[in-house]
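Read the numbers this way: they start at 1 and go in the same order the structure lists the ligands and their atoms. Count residues from 1 along the sequence.
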Amino acid sequence: MSYVDEVVALVVEKNPSQPEFIQAVKEVMESLRVVVEANEEAFRKDALLERIVNPERQIMFRVPWVDDKGQAQVNTGFRVQFNSAIGPYKGGLRLHPSVNLGIIKFLGFEQVFKNSLTGLPIGGGKGGSDFDPKGKSDREVMAFCQSFMTELCKYIGADTDVPAGDIGTGAREIGYLFGQYKRIRGVYEGVLTGKGLTYGGSLARTEATGYGLLYITDEMFKCNGKDLKGKTVSVSGSGNVAIYATEKAHELGAKVVTSSDSTGWIYDPEGIDVEAIKEIKEVKRARLTEYKNYRPNSEYHEGKGVWSVKVDIALPCATQNELDLEDAKMLVANGCMAVCEGANMPTTLEATEYLLQNKVWFLPGKAANAGGVATSALEMSQNSERLSWTFEEVDGRLKNIMIDIFHNLDDASKRYNLEGNYVAGANIAGFEKVATAMTAQGIC
Ligand code: NDP
Ligand code: 2IT
């Protein structure tokens, strides 16, 4: 059996109840086959692949808090510190009822390669809890965040592990988490990113993931002799990534015609009104059914359906495995040119394969959504030098980082005769830096 197949078999055997983690490992390992074959003896001797699929540390803890009725509630907290070869652990905190160890491990594993692709000195980690912020009062969210941080603060720090936002963790949650860290640890440091602008946050971090997605998509189009102008786009999700992806797509002359949340989706042939979505989601924390009040000509549909719309570009920006083989077939049948992942692993393995076979340009999340964590690293830099850069400075750096990521993965794919396979290119380019650093640091 080849070394890659042995390691995949080991991961499958050891993690039977973690399908998302197995999926993420399979995708990366498949791409690495060509690199591993060229270095098999050295990698085997150092157990490099076994080490790369094993988190350095996994922390799980009880999170007790009291709800507004005086009832005690208990959630489970997680922080998976996956790989610190190239820098302190860095990655978001997901708050969603579906969170479990396997999901945090898949996200942490992806984060290792994503962070490497940014070219910045950040290792990979991820955390979160099965707590659902939806429908909770601000006081309940604060009670949860304070309890969560009371335990998490023992394991993180500005130079060891720097969490940030993800699904369900936005500016409000980061504020409560930061306040509790400062209170317990007694240090004012950049231990979290995505902070508010009055206490160390970076301009453009809120916009960064969505904007970065469009910067790299734009670069891919340009390098393939095409233009985003006039293209029709479907976006799924209506959270942080989706909102700012839609905003930047419009700025670049494309038209986004869909938006969705976990209960339904909207089709607005005139182009999604981003300000309306911001008000519904960021201010009112309401459902997308409200959108009709802003745009009477739009359609609202219950359930799933964004990928059935005829578009040139699809941007999945909600959650993992939201675009399956059937969806991919619809996109291809409708002439879709490109799928660029704003979310982490939103496309199933079968759908990815189908899109690649049908020559759809496919930018994987670990490259396409890296603008968020890259800007988090810029926030860390600003915190370290105790300065704040202008929006233009941060946004300019973000744009250059996304352009560089595209060229790095494009070059990596060409080096291994896999031109046009950006999945392989991203995995290889991300892996190379981490592998070199791990080898240099000995068996650890
Ligand atoms: P938000 O919580 O701001 O928004 C998430 C959106 O996705 C909401 O519209 C939500 O709908 C929808 N959604 C979440 N879970 C599901 C589900 N199980 N089924 C259907 N819809 C769902 O999160 P973000 O925008 O920050 O994150 C979106 C994706 O982008 C995630 O995969 C995240 O890991 C990834 N990402 C985020 C980055 C960031 O900087 N924030 C950086 C890089 C990647 P509803 O409100 O109804 O739940
Ligand atoms: O998946 C991700 O890259 C994020 N949720 C952002 C992580 C970060 O540290 O900014």
Side-chain angles (χ1 to χ4, degrees), residues 20 87-99 103-104 106-115 117-118 120 122-128 132-135 156 161-174 190-195 201-202 204-213 235-246 259-266 277-278 280-282 285-289 303-306 315-323 341-347 364-380:
E20 295 86 2
Y89 310 107
K90 182 85 197 82
L93 296 172
R94 178 173 293 191
L95 299 182
H96 193 271
S98 63
V99 163
I103 286 187
I104 299 299
F106 116 65
L107 290 163
F109 183 72
E110 290 283 291
Q111 200 81 45
V112 174
F113 304 97
K114 180 195 304 190
N115 293 2
L117 282 172
T118 66
L120 300 166
I122 40 179
K126 197 85 185 190
D132 186 359
K134 250 187 237 137
I156 63 175
D161 184 354
V162 183
D166 194 78
I167 291 177
T169 307
R172 174 182 60 172
E173 290 74 18
I174 293 291
V191 65
L192 292 159
T193 57
K195 299 186 292 299
S202 174
R205 175 62 188 89
T206 304
E207 295 84 355
T209 312
Y211 278 19
L213 173 64
V235 167
S236 65
S238 48
N240 174 265
V241 181
I243 286 173
Y244 293 97
T246 303
S259 177
S260 71
D261 64 16
S262 54
T263 54
W265 61 285
I266 49 181
I277 302 276
K278 281 188 191 172
I280 295 166
K281 289 294 172 183
E282 293 183 339
R285 298 185 190 274
R287 308 313 301 167
L288 274 183
T289 39
K304 203 184 145 177
V306 159
L315 304 177
C317 296
T319 193
Q320 65 274 1
N321 293 327
E322 53 159 315
L323 196 165
E341 297 185 322
N344 285 307
M345 207 170 74
T347 315
K366 59 173 73 70
N369 70 39
V373 76
T375 307
S376 278
L378 300 180
E379 183 172 327
M380 289 165 72

> Look at the side chain of E173 and the backbone N and O of G165, then say whether any donor-acceptor pair between them is shorter than 3.5 Å.
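No, E173 side chain to G165 backbone: no donor-acceptor pair under 3.5 Å.
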> Using modelled atom types and a 3.5 Å cut-off, is there a donor and acceptor pairing between side-chain atoms of S236 and backbone atoms of C317?
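Flag set: sc S236 to bb C317 pair under 3.5 Å.
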> So, using side chain to side chain contact (heavy atoms under 4.5 Å, CB included) as the criterion, who are the partners of D166 when residues are at least two apart?
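If we apply the side chain to side chain contact (heavy atoms under 4.5 Å, CB included) test to D166, skipping adjacent residues, the hits are R94, K126, N344.
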> Suppose we screen for side chain to side chain contact (heavy atoms under 4.5 Å, CB included). Which residues come up paired with T193, at least two apart in sequence or across chains?
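Here the qualifying residues are K90, V162, A164, S376, E379, M380.
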> At less than 4.0 angstrom from any atom of ligand 1, which residues have a non-hydrogen atom? List them by chain and residue number.
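Lining ligand 1: R94, H96, K114, K134, D166, I167, G168, R205, T209, G237, S238, G239, N240, V241, S260, D261, S262, R287, C317, A318, T319, G342, A343, N344, N369.
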> For N240 and I243, indicate whether the former's side chain and the latter's backbone hold a donor-acceptor pair under 3.5 Å.
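Absent.
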> Which heavy atom of G342 sits nearest a heavy atom of V241, and at what distance?
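Distance-wise, the nearest heavy atoms are O-CG1, 3.9 Å.
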> Heavy-atom distance under 4.5 Å between the side chains of M345 and P316, does that happen here?
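When only atoms from C-beta onward are counted, P316 and M345 do not touch, as no gap falls below 4.5 Å.
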> Counting N and O atoms only, with roles assigned by atom type, does the side chain of Q111 sit under 3.5 Å from a partner on the main chain of G124, one being a donor and the other an acceptor?
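Looks like no, no N/O pair under 3.5 Å.
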> With a 4.0 Å heavy-atom cut-off, what residues sit around ligand 2?
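Residues near ligand 2: K90, G91, G92, Q111, K114, K126, A164, G165, D166, R205, N344, G372, V373, S376.
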> Do R285 and R172 make a side-chain contact, defined as non-hydrogen atoms from C-beta onward lying under 4.5 Å apart?
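Yes, side chains in contact.
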